[in-house]
Protein chains: 2
Amino acid sequence: MKKYNIPVEAALEVIGGKWKVVILCHLIKNERRTSELKRLMPGITQKMLTQQLRELEEDGVLDRVVFNQVPPKVIYRLTDYGWSLMPALDMLCAWGEQHIENTYPDKSEVLLEETELQQI
Amino acid sequence: MKKYNIPVEAALEVIGGKWKVVILCHLIKNERRTSELKRLMPGITQKMLTQQLRELEEDGVLDRVVFNQVPPKVIYRLTDYGWSLMPALDMLCAWGEQHIENTYPDKSEVLLEETELQQI
DNA sequence: CGGAATCCAACACGATACTG
DNA sequence: CAGTATCGTGTTGGATTCCG
């Protein structure tokens with residue numbers, strides 16, 4: 001059985017993946033289709049996206065909802081358990097914004113706006 | 001210049017390392033000597049510890065304080081900027097504890113207590 | 001559209017040995 | 001005690017292709 005030296009390690013096991021926090025932050029704002037997630041995360045590959053989503057699903061923080069139709073449609077959304085992560089994720093997002101402000105006073109230089117993402 | 005698609009990526013760049021959150025959580029409770037950190041994180045290697053500490057130092061979230069004496073003594077402690085991460089880290093730790101409770105109702109099975117760590 | 005399955009490269013990480 | 005250096009590896013993750 002897995003041993004943790006400090007409880008936060010258990011949290012890292014769930015959200016520690018390279019893209020997991022980003023995925024969860026997007027799902028906080030909205031449930032999303034696979035293609036939407038891909039658009040929102042231009043850097044991620046199909047493989048990684050699926051992989052990270054599967055792991056998050058196994059850990060019970062998000063649900064994969066399949067619509068049986070053609071063309072296929074799949075949406076991902078937080079479970080109740082996933083929502084319990086929101087406070088922590090929120091604080092992290094807020095800190096990220098602050099950190100960008102501090103590091104690059106002209107925020108517009110580093111942040112890809114939603115409108116830009118649309119075009120990708 | 002680095003581009004972020006979502007602000008939280010900036011936070012992940014700082015605390016995204018494999019051991020960084022754990023290190024920071026320890027430093028929230030106390031400033032620590034190198035050897036103490038090693039003891040608190042039995043799984044980490046000397047190399048990784050130094051590496052992660054250096055990166056955290058570069059990002060300005062912790063200070064490395066060297067005492068010029070023999071034998072050498074170095075302590076690490078959060079900077080003011082590092083303390084600004086505390087709310088997020090706290091929430092994460094709390095969630096980790098909850099997650100352990102939920103996953104393994106008998107918490108004592110999975111958590112290495114401080115007393116056990118002393119002996120390592 | 002969403003995903004599985006390859007194959008392959010990079011590099012993150014560990015083990016070890018050595019220094020001041 | 002704290003830290004560097006070196007080397008070897010194995011997981012991680014990317015590119016590509018194929019499938020329902």
Side-chain angles (χ1 to χ4, degrees), chain A residues 2-5 9 12-24 26-27 30-59 62-78 117-118 120, chain B residues 2-5 9 12-24 26-27 30-59 62-77 117-120:
Chain A
K2 180 99 176 88
K3 284 267 182 187
Y4 301 108
N5 302 300
E9 287 178 5
L12 292 175
E13 217 164 66
V14 176
I15 64 162
K18 187 177 179 184
W19 300 91
K20 291 183 182 177
V21 168
V22 175
I23 291 173
L24 293 174
H26 283 304
L27 293 185
N30 243 310
E31 61 180 38
R32 294 291 191 180
R33 297 186 57 165
T34 311
S35 52
E36 289 178 313
L37 287 173
K38 258 190 282 196
R39 184 176 53 75
L40 291 167
M41 299 180 281
I44 201 172
T45 59
Q46 168 71 253
K47 178 187 171 186
M48 285 309 300
L49 179 58
T50 306
Q51 198 176 96
Q52 303 274 294
L53 285 169
R54 288 291 180 285
E55 292 178 13
L56 289 168
E57 191 187 0
E58 276 168 33
D59 284 320
L62 60 76
D63 270 333
R64 177 167 181 269
V65 186
V66 182
F67 297 81
N68 275 322
Q69 63 180 50
V70 179
K73 173 178 174 180
V74 177
I75 65 122
Y76 296 91
R77 67 174 173 218
L78 297 181
L117 281 175
Q118 307 280 358
I120 297 179
Chain B
K2 180 99 178 87
K3 284 269 185 187
Y4 301 108
N5 302 301
E9 288 179 3
L12 292 175
E13 216 165 67
V14 176
I15 64 161
K18 186 179 181 185
W19 299 91
K20 290 183 183 177
V21 168
V22 175
I23 291 172
L24 293 174
H26 283 303
L27 293 185
N30 243 311
E31 59 181 39
R32 293 291 190 180
R33 297 186 56 165
T34 312
S35 53
E36 290 178 312
L37 287 173
K38 257 189 284 195
R39 183 178 54 75
L40 292 167
M41 299 180 281
I44 200 171
T45 58
Q46 168 71 255
K47 178 187 169 186
M48 284 310 298
L49 179 58
T50 307
Q51 198 175 96
Q52 303 274 294
L53 285 169
R54 289 290 180 284
E55 291 177 15
L56 289 168
E57 191 187 358
E58 276 168 32
D59 284 321
L62 61 75
D63 271 333
R64 177 169 180 266
V65 185
V66 182
F67 296 82
N68 274 321
Q69 62 181 50
V70 179
K73 174 178 174 179
V74 176
I75 66 122
Y76 295 91
R77 66 174 174 217
L117 279 175
Q118 308 280 356
Q119 302 162 13
I120 297 177

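Predicted, not measured: the structure shown is a model, and the values here were computed from it. FYI, side chains are in, hydrogens and waters are out, and symmetry mates aren't considered; it's all heavy atoms of this structure.
Listed by chain and residue number, B:R64, B:N68, B:V74 satisfy the side chain to side chain contact (heavy atoms under 4.5 Å, CB included) test with B:V66 (two or more places apart in sequence, or in another chain). The salt bridge (Lys or Arg N to Asp or Glu O under 4.0 Å) search around B:E31 returns none, not counting sequence neighbours. Partners of B:R77 by side chain to side chain donor-acceptor pair (under 3.5 Å), not counting sequence neighbours: none found. Taking the side chain to side chain donor-acceptor pair (under 3.5 Å) definition, one finds that A:T50 meets it with A:Q46, sequence neighbours left out. Residues meeting the side chain to side chain contact (heavy atoms under 4.5 Å, CB included) test with A:E58, sequence neighbours left out: none. For A:E55, the side chain to side chain donor-acceptor pair (under 3.5 Å) partners at least two apart in sequence or on another chain are A:K20. Residues passing the salt bridge (Lys or Arg N to Asp or Glu O under 4.0 Å) test with B:E57, sequence neighbours excluded: none. For B:T45, the side chain to side chain contact (heavy atoms under 4.5 Å, CB included) partners at least two apart in sequence or on another chain are B:K47, B:M48.
Using a 4.0 Å cut-off, no side-chain N or O of B:R33 falls inside it from OP1 or OP2 of D:dC1. Not one side-chain nitrogen or oxygen of B:R64 sits closer than 4.0 Å to the OP1 or OP2 atom of D:dA2.
If you measure from atom CD of B:E57 to atom C1' of D:dG3, you get 13 Å, rounded to the nearest angstrom. A straight line from CG of B:L37 to C1' of D:dA2 spans 12 Å, rounded to a whole angstrom. Note: CD (B:Q69) to P (D:dC1) measures 12 Å, nearest angstrom.
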What N/O pairs connect the protein and nucleotides 17-20 of chain D at under 3.5 Å? Give each pair on its own line.
none

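First and last contacts of DNA chain C with chain B, using any nucleotide atom under 4.0 Å from a protein heavy atom and ordered 5' to 3', fall at C:dC13 to C:dG20.
Both B:G43 and A:K47 lie close to DNA chain C; mapped to their nearest nucleotides by heavy-atom distance, the more 5′-ward contact belongs to A:K47.
Residues A:K73 and A:I75 come closest through the heavy atom pair CE-CG2, 4.0 Å. The nearest pair of heavy atoms linking A:Q52 to A:W19 is OE1-N, 3.1 Å. B:E9 and A:V22 get closest at one heavy-atom pair: CG-CG2, 3.9 Å. The two residues A:I15 and A:V21 make their nearest non-hydrogen contact at O-CG2, 3.6 Å. Smallest separation of non-hydrogen atoms from B:L62 and B:I23: CD2-CG2, 4.5 Å.
Over its length, the helix from C:dC1-D:dG20 to C:dG20-D:dC1 turns its helix axis by 50°, as judged from the five terminal pairs at each end, rounded to 10°.
Against DNA chain D, the stretch residues 48-55 of chain A makes heavy-atom approaches under 4.0 Å through A:M48.
The residue B:Y76 sits close only to the backbone: its heavy atoms come under 4.0 Å of sugar-phosphate atoms, none of a base.
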